[in-house]
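It should be emphasised that the depicted structure is a prediction, and the values quoted were computed from it without experimental measurement. The sequence lines fix the lettering, A, B, ..., with proteins before strands; numbering per chain opens at 1.
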Amino acid sequence: MEDLFGGNIEEKEDSSRFFADVIIPVPIPKMFTYKIPKNFRDEIGIGFRVIVQFGKKKVLTGVIAKVHQKPPAAYEAKPILDLLDNHATVNPLQIRFWAWMAEYYCCNIGDVMNAALPSGLKLSSESKIQVNPTFDQDTSPYPLDDREETLLQALANKGELSYEDCESVLGIKSIHPIIKSLVIKEAILVFEQVKEKYSPKVESRIRLSKAFFTDKKKLEKLFHELSSKPKQEEVLLKYLQEVPVYRQPELNSRGLEKSVFSEAGLSASSLKTLIKNGVLEEYKLIISRFQEAAPSKEEITLSEYQEKALVKIKEELQEKNTLLLHGITGSGKTEIYITLIKEALASGSQVLMLLPEIALTTHMVGRLRQVFGSSMGVYHSKYSDNERVEVWNGVLSGKLSFVLGVRSSIFLPFDSLGLVIVDEEHESSFKQFDPAPRFQARDAAIMLAWLHQAKTILGSATPSFESFYNARTQKYGYVALDRRYGEAQLPEYILSDILVDKKKNLLKLDFTRLLRESIQEALKNQEQVLIFQNRRGYSPYISCEDCGWIPECEHCDVSLTYHQFNEEMRCHYCGFKEKVPKTCPACGSNKLSAVGLGTERIEESLSLLFPEARVARMDLDTTRSKFGYQRLLEEFGSGNVDILVGTQMITKGLDFDRVTVVGVMDADRILFFPDFRAGERAFQQITQVAGRAGRREKKGKVIIQTRKPEQQIFHQIIQGDYKNFYLQEMGDRQRFFYPPFVKIIKIVTRHKDYKVAERAARNLHHLMEDIPVKKILLGPEKGLIGKIKNQFIFETIAKLDKSGNAPAQFKQAINELINELQSHKDFRSVRFLIDVDPY
DNA sequence: AGCACGCCGACT
DNA sequence: GTCGGCGTGCTC
C-alpha cells in the first residue's frame with residue numbers, strides 16, 4: 001500500500017519524526033530545527049546527542065529537545081550529520097529542568113547545556129588537512145617552498161594531519177600562514193573532524209591463550225621446552241601462581257594486570273616473547289577511574305535526641321516538600337543524613353547531596369564514603385573531565401544512585417530522585433555568578449526535587465534568611481537540633497577591643513594582648529589555634545607614606561593586593577600582576593609600606609610573635625592544586641601545624657579536637673561591608689568559624705577582635721541567638737524592601753567606554769520604569785567595583801513583589817527592552833546581564 | 001559567542 | 001594599488 005508521497009506504510013510509521021528541535025551550546029535564545037535523516041528516524045529521541053553543522057564552519061554537539069513533523073516555514077532545515085548515542089544521554093526531565101532554568105534565570109538554553117554537560121560529552125571538532133585529490137605538483141602553476149614541500153610529503157605518508165601534527169612536523173608554532181598558502185595553491189583541503197573527548201581508562205592485562213588453557217598436555221610440554229629459558233619460565237610461573245587457572249578456570253578470562261610482572265621484577269622481553277609465541281595474550285580492559293570501596297555494614301546508631309529529630313523530620317516531610325534542618329555545629333546532622341539517605345536508597349530512589357566546594361574535600365566525604373563505598377559518586381570541581389563523564393555515565397546506567405557533589409551536580413542525569421540534601425545551604429558559593437546560567441543551586445535543587453516529586457532537606461547551623469523565613473511562614477518544614485552531640489561544649493566567646501589595646505600600646509602586629517596570650521597558652525598546652533581573616537594576600541594594598549599614592553589595577557577599579565612571597569602585586573578580579581616598584585612612581589619616595597591585613601601578613605606576624613610555633617596558611621593561593629587543600633588538612637590534623645591562618649576555607653569541615661582557640665582578626669571588615677546582607681554574613685561566618693573551637697572535653701575559646709565591641713550583633717552571636725538576630729534584621733529588611741520580602745533582579749550594563757555604559761544603563765532604566773509591574777528601581781549606579789577587565793560596570797536593581805507573576809512579567813519585559821536597545825547602533829556592543837536573585 | 005561580509009587607513 | 005582594522009548581521 002502506498003501513501004500520497006509514494007512511500008509505503010512502514011515509512012509512514014516514522015513520518016512523525018522528520019524534524020528535531022536541537023539545543024546547541026551557543027548563547028542564542030533559540031533552539032534550531034534540523035532534518036532527521038531517514039536512517040536514524042527510528043532510533044532518535046529526546047535527549048540524544050547529535051552532530052550538526054552550525055553556521056558555515058562549525059560542527060557542534062547538540063541535544064535533541066523535541067522530535068516533530070513540522071517543517072520550518074522560513075528556511076530549509078539542515079540535516080543532522082550524525083547520531084552520537086544509541087540511548088538518551090540527557091533525560092526528558094532534565095530538558096524540562098534546563099528550560100525552566102533558562103527562563104527563570106534569563107539565559108539561553110544553550111548556556112544551560114554548556115554548564116550541564118561535562119565537556120567530555122560535548123564533542124570537539126578538530127581541524128585537519130588532507131591532500132587535495134585534484135592537486136598535481138608537476139602541473140601546478142604555483143611553486144612550493146621547502147616547508148610546504150615537507151608538509152605535503154608528511155601528508156602523503158600519513159593521509160591526514162591535525163594542526164598540531166603540522167606544528168610538530170615543521171617544528172614551528174605558526175603554521176596557519178603555510179596552511180593558508182597551501183589552500184590557496186589548491187594543494188590541500190581543510191576539513192573538520194569530530195572526535196569524542198572522553199576516553200575511558202584502560203588497563204593492559206595478560207591471560208593464558210586458549211590453546212594452552214584448554215589443553216593441559218600442551219602446557220606441560222611447554223614447560224619442558226622452557227626449562228632452558230628460565231626467564232620465560234619465571235614469567236609463566238608467576239602468572240599461574242597469581243591466577244590458578246587449573247583450579248579455578250573462570251579466573252583466566254580476567255587474567256592478570258600487566259604491571260604485576262614488571263613490579264615483580266620480571267623480564268619484560270620474556271613476557272613479550274611469550275605473547276609473540278601465542279602462550280600468553282594481552283588484552284585491554286576498560287576500568288573505572290574510581291577506586292572500588294565496599295560499603296560498610298556498620299549500623300548507624302542515633303542518639304535518643306537524633307532519633308527524635310529524625311521522627312520529626314519524617315513527620316514534617318509528610319506534608320511539606322522542603323524542610324530546613326537547623327542544626328548547630330557538631331549536633332550530629334551527618335548521622336541523620338546518612339539514615340535518611342539509606343532509607344531513600346532502600347526504597348529504590350536516587351539521592352543527591354550538595355555541598356559547597358570547600359566543604360567537599362573534608363571529613364564529610366570520608367564519613368559518607370565509609371558508609372556508602374563506591375556506590376556513592378562524588379562530583380567535584382577539581383575532578384578531571386574524564387572523571388566527570390564517568391560519574392555522569394554512572395548515574396545514567398544506574399550504577400550510582402547516590403551522588404555527593406558541588407552545585408553543578410544538579411545537572412546529572414537523575415531519573416528518579418527521592419531525596420535532595422543541600423548541606424550548608426546558607427553558603428553563598430551555591431550561587432553561580434559568571435558565566436550564565438547565574439543560578440542559585442540551592443533553589444534550583446528545590447525545583448529539581450519538585451520535578452522528581454522528591455523531598456528536599458536544607459541543612460545549616462546558620463540558615464540563610466530566605467530559608468528561615470520560609471520555615472517560619474510554614475512554606476518549609478522545620479526541625480532544630482540545638483544540642484551538641486556527645487559531651488562537646490559550646491565555646492566561650494570573648495570580644496577584644498582593638499582600639500583600647502592600641503591606646504595602651506598593647507596591640508602587637510595587629511594582635512591584641514588577649515589573643516596573643518590565649519595563643520601562647522594554647523601552644524603551651526600543645527593545643528591548636530585557628531586564625532580567621534577573610535582576605536588573602538599580604539595586605540590589601542601598598543601606599544606611599546609621603547604622597548599617599550596607591551597602586552591600582554590597569555584594567556579594574558581596585559587597588560592591587562600585595563603578595564609578599566613573590567614580591568608581587570595582584571588584582572584579585574582579573575589576575576593582573578606587577579612587581580612592586582622600588583620607589584614611588586608619583587613622588588620618588590622610597591617609603592612604600594603595606595597597609596591592611598591579609599592572610600600572608602598574619603602568617604608572617606605569627607611567626608614573629610611565636611617563633612617556636614609551626615604556622616601554616618590556607619587560602620586560595622595555597623590550595624590551588626588538586627590535593628593542596630587535603631594536604632593542608634592532613635598536616636593540621638596530624639598535629640604538624642600549631643597555628644592555621646586562613647580565609648573562609650577554614651570555617652568548613654575542620655573537625656579537630658585539639659583546636660581550643662579561634663581568633664577572628666577583624667570582625668569589622670565583615671560587618672561593615674556595604675551590602676544589606678553584611679550582618680547576616682557576619683553572623684554566619686563568625687558562628688561557623690567559632691564552631692571549630694573545642695569539641696570534646698575541653699571548652700574552646702573564640703576571640704573576636706573588633707573596634708566596636710558594643711555592637712549588638714556580637715552579643716547575639718555570643719549567645720547563639722540566631723532567632724533574635726534574625727527578627728531584628730528582618731525588621732530592617734521589611735522596612736527598606738529587601739529579600740526575603742521582595743524579589744531582586746539585578747541588571748548589569750558593561751561596556752569598555754564609560755560614557756556609553758552609563759548612557760546605556762540610564763536608557764534601560766528609563767524604559768524599565770514603564771513596565772507595568774509594581775516595582776522599585778534603584779540605580780543605575782557604578783558597580784561596587786566600577787571597572788573590571790577594562791569594562792565599566794553599571795548596575796540597576798529592581799525590587800519586585802514576590803507573589804503572583806510580577807517577576808516573570810518583568811523578566812520578559814526586560815528581555816524585550818534589551819533587544820530593543822541593542823538594535824540601536826550606539827548600544828550594539830553594550831553587554832546587558834540579568835542576574836535573578838543575585839544575593 | 002564566532003564568523004563572514006563589507007567598507008575605510010598605512011604599507012609593499 | 002592591497003592587507004587588515006572592526007562595525008553589523010546571522011546562525012536551523
Student: Rounded off to whole Å, could you give me the CG-to-P distance for the A:N108 and C:dT11 pair?
Tutor: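 Atom CG in A:N108 sits about 16 Å away from atom P in C:dT11.
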Student: Rounded to whole Å, how long is the line connecting atom CD of A:Q53 with atom C1' of C:dT11?
Tutor: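 In whole Å, C:dT11 C1' lies 11 Å from A:Q53 CD.
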Student: In whole angstrom, give the distance that lies between atom CZ of A:F54 and atom C1' of C:dC10.
Tutor: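 Computing the A:F54:CZ to C:dC10:C1' distance gives 8 Å.
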Student: In this structure, how many angstroms lie between the P atom of C:dG9 and the CG atom of A:N819, rounded?
Tutor: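 It is 14 Å, rounded to the nearest whole Å.
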Student: Answer yes or no: does a side-chain N or O of A:Y75 lie under 4.0 Å from OP1 or OP2 of C:dC12?
Tutor: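 For C:dC12, OP1/OP2 do not have a side-chain N/O of A:Y75 under 4.0 Å.
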Student: Just call it for A:K35: base, sugar-phosphate, or nothing, with non-hydrogen atoms closer than 4.0 Å on any strand.
Tutor: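 Nothing, no nucleic acid heavy atom in range.
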Student: Can you see whether A:K122 engages A:N114 through a side-chain donor-acceptor pair at a distance of less than 3.5 angstrom?
Tutor: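 Distance-only check passes for A:K122 and A:N114.
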Student: To the nearest angstrom, how far is A:K30 atom NZ from C:dC10 atom C1'?
Tutor: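 Computing the A:K30:NZ to C:dC10:C1' distance gives 8 Å.
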Student: Just by distance, do the side chain of A:N91 and the backbone of A:Q94 share a donor-acceptor pair under 3.5 Å?
Tutor: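 Flag set: sc A:N91 to bb A:Q94 pair under 3.5 Å.
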Student: Using atom CD1 of A:I23 as one end and atom C1' of C:dT11 as the other, report the distance to the nearest whole Å.
Tutor: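 Going from A:I23 (CD1) to C:dT11 (C1'), I get 17 Å.
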Student: Check the angle between the aromatic planes of A:Y383 and A:H380 and answer parallel, tilted or perpendicular using the 30° and 60° thresholds.
Tutor: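 Tilted: the ring planes of A:Y383 and A:H380 meet at 30° to 60°.
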Student: Below 4.5 Å, heavy atoms only, C-beta onward: do A:Y34 and A:K78 meet side chain to side chain?
Tutor: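 Result yes, sub-4.5 Å side-chain heavy-atom pair found.
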Student: With rounding to the nearest 0.5 Å, note down the distance linking CD1 in A:I44 to CG in A:N86.
Tutor: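 Here the rounded value is 12.5 Å.
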Student: Rounded to the nearest Å, what distance is computed from the CZ atom of residue A:R828 to the C1' atom of nucleotide C:dG9?
Tutor: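 Distance, rounded to whole Å: 8 Å.
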Student: To the nearest angstrom, how far is A:H751 atom NE2 from C:dG7 atom C1'?
Tutor: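 One finds 11 Å between C1' of C:dG7 and NE2 of A:H751, rounded.
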Student: Checking A:F18 against A:H68 for the side chain to side chain contact (heavy atoms under 4.5 Å, CB included) test, could you report, in this order, the C-alpha distance in whole Å, the side-chain angles of both residues, the deciding distance, and whether it holds?
Tutor: CA-CA 6 Å; A:F18 280 146; A:H68 59 89; over 6 Å; no
Student: Could you tell me the boundaries of the chain A footprint on DNA chain B, defined by atoms under 4.0 Å from its heavy atoms?
Tutor: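 Listed 5' to 3', the contact boundaries are B:dA1 to B:dA4.
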